[in-house]
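Have a look at the structure below before the remarks.
Order of listing sets the numbers, starting from 1, for every ligand and every atom in it. All heavy atoms count here, side chains included; hydrogens, waters and symmetry mates do not.
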Amino acid sequence: MAVLPIARMGHPVLRHPAEAVADPTAPEIRQLVADMWETMVAARGRGIAAPQVYVPKRVVIFHAPLTEDADRFDLSAQPLTVLINPVITFLTDETALDWEGCLSVPGLRGVVPRVTRLRYEGLGLDGAPFAREATGFHARVVQHECDHLDGWLYPQRMTDLSTLGYVDALPAAAAAADD
Ligand code: NI
């Protein structure tokens with residue numbers, strides 16, 4: 001495994017749609033996911049998408065609380081999800097606002113509107129399809145990570161850029177948000 005360099009906002013790899021993975025069980029995908037995991041842990045992130053490590057493939061990994069009552073900040077209590085070739089279906093028009101950060105936008109946080117309920121499906125590392133419904137913060141994490149596969153970073157989703165700021169200058173609520 002290896003800690004990989006992380007692409008930062010402005011690099012074209014973050015702006016272009018990523019390619020579908022032909023064979024999720026291929027050794028190079030297993031290696032990619034292992035390297036993404038090590039990179040995410042080293043950077044203290046909650047999730048990471050393959051384009052963030054300069055690999056334009058539709059692979060994301062993340063820790064998210066799978067139930068509303070789970071502790072949002074205790075990553076060790078949240079399973080690691082590996083999601084390949086994801087497809088999201090929104091189940092509501094309702095959105096909610098919350099702080100987000102991103103390993104590709106280091107040092108900054110901003111308030112982002114996200115849809116509050118969705119279904120996502122994709123393939124795991126074993127090539128088997130799976131699907132989940134997600135609400136709240138779980139749904140937010142899925143949207144943030146999958147946006148990376150289509151060339152979107154969270155600042156592009158913001159509707160009030162006055163909330164974009166440096167984490168050490170923003171209110172404490174922003175500091176509590178994850179990368
Ligand atoms: Ni991100």
Side-chain angles (χ1 to χ4, degrees), residues 2-21 29 32-66 72-75 78-88 90 95-116 118 120 122 132 134-161 163-168 170 173-179:
V3 174
L4 303 174
I6 297 175
R8 288 180 305 155
M9 183 168 64
H11 194 284
V13 73
L14 297 173
R15 292 287 296 135
H16 294 136
E19 293 177 4
V21 173
I29 298 301
L32 170 64
V33 168
D35 290 346
M36 286 168 61
W37 181 80
E38 194 167 335
T39 303
M40 179 184 75
V41 170
R44 299 175 182 275
R46 147 182 310 279
I48 195 166
Q52 293 183 273
V53 293
Y54 299 92
V55 178
K57 293 186 185 299
R58 302 188 79 80
V59 179
V60 303
I61 65 174
F62 56 84
H63 291 279
L66 301 188
R72 169 174 166 176
F73 299 107
D74 181 8
L75 293 190
Q78 301 166 20
L80 180 73
T81 296
V82 177
L83 184 57
I84 299 169
N85 299 344
V87 175
I88 291 178
F90 293 136
T95 61
L97 297 171
D98 205 347
W99 294 97
E100 293 188 20
C102 180
L103 296 176
S104 293
V105 192
L108 298 178
R109 299 285 188 277
V111 172
V112 186
R114 297 287 188 185
V115 171
T116 57
L118 56 78
Y120 64 99
R132 283 186 190 143
T135 58
F137 188 66
H138 180 192
R140 174 175 298 275
V141 172
V142 170
Q143 287 167 86
H144 177 115
E145 296 308 332
C146 292
D147 259 359
H148 280 297
L149 306 181
D150 293 322
W152 288 79
L153 298 175
Y154 79 81
Q156 298 165 257
R157 295 292 192 194
M158 292 177 65
T159 50
D160 180 1
L161 282 171
T163 65
L164 185 67
Y166 291 97
V167 65
D168 54 0
L170 286 165
D178 311 276
D179 276 311

Closest approach of [X] to [Y] (non-hydrogen atoms, all atoms of both residues):
| X | Y | value |
| --- | --- | --- |
| Met158 | Gly110 | CE-CA, 3.8 Å |
| Arg46 | Val141 | CD-CG2, 3.7 Å |
| Ala7 | Leu14 | O-CD1, 3.7 Å |

Taking only Lys NZ, Arg NE, NH1 and NH2, and the carboxylate oxygens of Asp or Glu, determine whether Arg114 and Glu100 approach each other closer than 4.0 Å.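 Yes.
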Let's go through Arg44 and Asp178 carefully: what are the C-alpha distance in whole Å and the side-chain angles of both, what is the deciding distance for salt bridge (Lys or Arg N to Asp or Glu O under 4.0 Å) to 0.1 Å, and is it a yes or a no? CA-CA 9 Å; Arg44 299 175 182 275; Asp178 311 276; over 6 Å; no
Over 60° means perpendicular and under 30° means parallel, so tell me whether His138 and Tyr120 are parallel, tilted or perpendicular.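 Ring orientation, 0 to 90° scale: perpendicular.
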Please list, in chain and residue-number order, the protein N/O/S atoms closer than 2.8 Å to the Ni ion (ligand 1).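 As for protein N, O or S atoms lying under 2.8 Å from the Ni ion (ligand 1), they are Cys102 SG, His144 NE2, His148 NE2.
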